[in-house]
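These notes are about the structure you will find just below.
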Amino acid sequence: MIPAGLLAVLLAVAPSPRLLAPGVWHHRVSTADGVQLSLFRYVPAVPRTGPAVLMVPELGFTRASFELEGFGLAPSLQREGREVFVLEARGQGSSQAPPSASLSLRELVRTDLPRAIAEVRRLTGGTPDLVGHGFGGSLLLAAVADREEVGRVIALATPAEPALPNRRLEQVLTGTSAFGADPEAFEFLFLRSAVISAARASAIRAATSRPLPAIQRGEWLQWMRDGDLSLGEGDSVKRRLEKLTAPTYLVLPLLSYVGHPEYASPLRELHPQTVKVRLLSRLYLHREDYSHLSMLLGDGAPADVFAPILAFLEGGE
């Protein structure tokens, strides 16, 4: 057994969770077009208590959004007996970046996300619950909106009808550096004076050291300008979201300067019976007015965010 607090990241693929020791395992998953994706698997030390959970980070970020030095939503659910998977899609984190023609965001919807879901089903033998963050979450919802082989969905600051929120984000997306390269811009967009230790804030900034591919930056920027992302052949993210049927928990940080709450709220208007909303604000006695990243890595996140998410996944409201 791996000692408490020690996360062993091993490059391995195993056919059954019974053959894996508790810890974190790194799988390489091949897509139909030959791209190697990184899928991190968090195996609990206690008996599994529910469906596996597949998590997808914000565009340009890595699994560190969900687990940073043992802190985060992934290890929190893992300790509760949930088997967790975190995907790094093509061009992001430790996954492969193919030629630019295959790097479009539409490939995440059409190829990477369905492939990751299929792999989780293969490895666990069950239907996974899903967690998506920001615009990465929007793509995840678009990928599963008309599918039946998914369980409950957690949408974290996930826009349904986005707009360009500020000039600073536009400048970052028209540049060529990683998001964490400019500490001032990173603070403005993702942290906003979050209740978070300086060491953790520095670590998450360092974890975004890989620049987002140019084609993905350009498509993301155009998506915000247009309010929708075309998926080709008359299809789009917004049209996909109109078909969402899974029970969904929409968690909105008040001070996200990337995905304002009003960008996400149309999802509730589209599906009032299946989409539940939680606004993260001091008005509701939360520790802070949460930002885009403090909702996942802030000091108050375990009580204000992780615990309600677990309750929803277990069938609560």
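Position 1 is the first residue of the sequence, and the numbers go up from there. Predicted, not measured: the structure shown is a model, and the values here were computed from it.
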Measuring from [X]:[atom1] to [Y]:[atom2], what's the distance to the nearest 0.5 Å?
X	Y	atom1	atom2	answer
Lys243	Lys238	NZ	NZ	14.5 Å
Glu67	Thr62	CD	OG1	9.5 Å
Leu244	Leu270	CG	CG	9.0 Å
Gln92	Glu58	CD	CD	9.0 Å
Thr111	Arg106	OG1	CZ	11.0 Å
Leu310	Arg79	CG	CZ	11.5 Å

Side chain proximity check, [X] to [Y], heavy atoms < 4.5 angstrom:
X	Y	value
Ile154	Leu156	yes
Val144	Ile117	yes
Val172	Arg167	no
Leu105	Val237	no
Leu255	Tyr290	no
Leu54	Val131	no
Leu280	Val251	yes
Glu170	Arg225	yes

Determine whether Asp289 and Arg192 satisfy the following criterion, salt bridge (Lys or Arg N to Asp or Glu O under 4.0 Å), listing intermediate values before the conclusion.
CA-CA 9 Å; Asp289 293 330; Arg192 297 303 296 162; over 6 Å; no

Partners of Arg240 by side chain to side chain donor-acceptor pair (under 3.5 Å), sequence neighbours excluded?
Asp235

Contacts of Ser230 that satisfy side chain to side chain donor-acceptor pair (under 3.5 Å) - sequence neighbours left out
none

What residues form a salt bridge (Lys or Arg N to Asp or Glu O under 4.0 Å) with Arg282, not counting sequence neighbours?
none

Taken in chain and number order and not counting sequence neighbours, the residues that satisfy salt bridge (Lys or Arg N to Asp or Glu O under 4.0 Å) with Arg121 are none

Modelled atom types, side-chain donor and acceptor of [X] and [Y], under 3.5 Å:
X	Y	answer
His286	Arg278	yes
Ser104	Glu219	yes
Glu88	Ser95	no
Ser30	Gln36	yes
Glu288	Ser294	yes
Arg28	Ser38	yes

Residues that Leu279 engages under side-chain contact (heavy atoms from CB on, under 4.5 Å), provided they are two or more places apart:
Leu252, Leu254, Pro261, Ser281, Tyr284

Which heavy atom in [X] sits nearest to a heavy atom in [Y], and how many Å separate them?
X	Y	result
Leu189	Asn166	CD2-OD1, 3.5 Å
Ala264	Leu250	O-CD2, 3.5 Å
Leu87	Ala116	CD2-CB, 3.8 Å
Pro159	Ser138	O-OG, 2.6 Å

With sequence neighbours left out, which residue pairs that include part of [range] fulfil the ring-ring contact (aromatic ring centres under 6.0 Å, His included) condition?
range	answer
residues 136-158	none
residues 109-168	His133-His292, Phe135-Trp220, Phe135-Trp223
residues 103-122	none

Excluding sequence neighbours, so at least two apart, what forms ring-ring contact (aromatic ring centres under 6.0 Å, His included) with [X]?
X	result
Phe66	none
Phe188	Tyr257
Tyr263	His260

Using the rule given for side chain to side chain contact (heavy atoms under 4.5 Å, CB included), can you reason through Arg41 versus Glu83, listing the C-alpha separation, both sets of side-chain angles and the distance that settles it, and then say yes or no?
CA-CA 7 Å; Arg41 184 180 187 181; Glu83 188 164 8; 2.6 Å; yes

Report yes or no: is the cationic atom of Arg152 (NZ for Lys, CZ for Arg) closer than 6.0 Å to the six-membered ring centre of Tyr249, at no more than 45° off its axis?
no

Evaluate Phe85 against Tyr42 for ring-ring contact (aromatic ring centres under 6.0 Å, His included), listing each step before the verdict.
CA-CA 6 Å; Phe85 294 79; Tyr42 292 71; 8.9 Å; no

Could you go through the side chain to side chain contact (heavy atoms under 4.5 Å, CB included) check for Phe61 and Leu293 one step at a time?
CA-CA 10 Å; Phe61 285 82; Leu293 280 177; 3.7 Å; yes

Distance-only check: which donor-acceptor pairs under 3.5 Å involve side-chain atoms of residues 200-209, not counting sequence neighbours?
residue: Arg200; atom: NH1; partner: Leu297; partner atom: O; Å: 2.8
residue: Arg200; atom: NH1; partner: Asp299; partner atom: OD1; Å: 3.1
residue: Thr208; atom: OG1; partner: Gly180; partner atom: N; Å: 3.2
residue: Thr208; atom: OG1; partner: Arg205; partner atom: O; Å: 2.8

Do Glu242 and Arg239 meet the salt-bridge criterion of a basic N to acidic O distance under 4.0 Å?
no

Do Arg82 and Asp129 sit within salt-bridge range, that is, some charged N less than 4.0 Å from a carboxylate O?
yes

With Leu169 as reference, evaluate Leu221, Thr174, Val258 under the side-chain contact (heavy atoms from CB on, under 4.5 Å) test and give the passing residue.
Val258

Tell me which one of Asp112, Leu59, Leu231, Thr158 satisfies side-chain contact (heavy atoms from CB on, under 4.5 Å) with Leu139.
Leu59

Knowing that exactly one of Arg115, Arg110, Arg90 qualifies, which makes a salt bridge (Lys or Arg N to Asp or Glu O under 4.0 Å) with Asp33?
Arg90

Apply side chain to side chain contact (heavy atoms under 4.5 Å, CB included) to Ser94 and Phe40, showing your working.
CA-CA 10 Å; Ser94 56; Phe40 294 88; 3.7 Å; yes

The test is side chain to side chain contact (heavy atoms under 4.5 Å, CB included); show your working for Thr248 and Lys276 and say whether it passes.
CA-CA 6 Å; Thr248 301; Lys276 309 299 181 184; over 6 Å; no

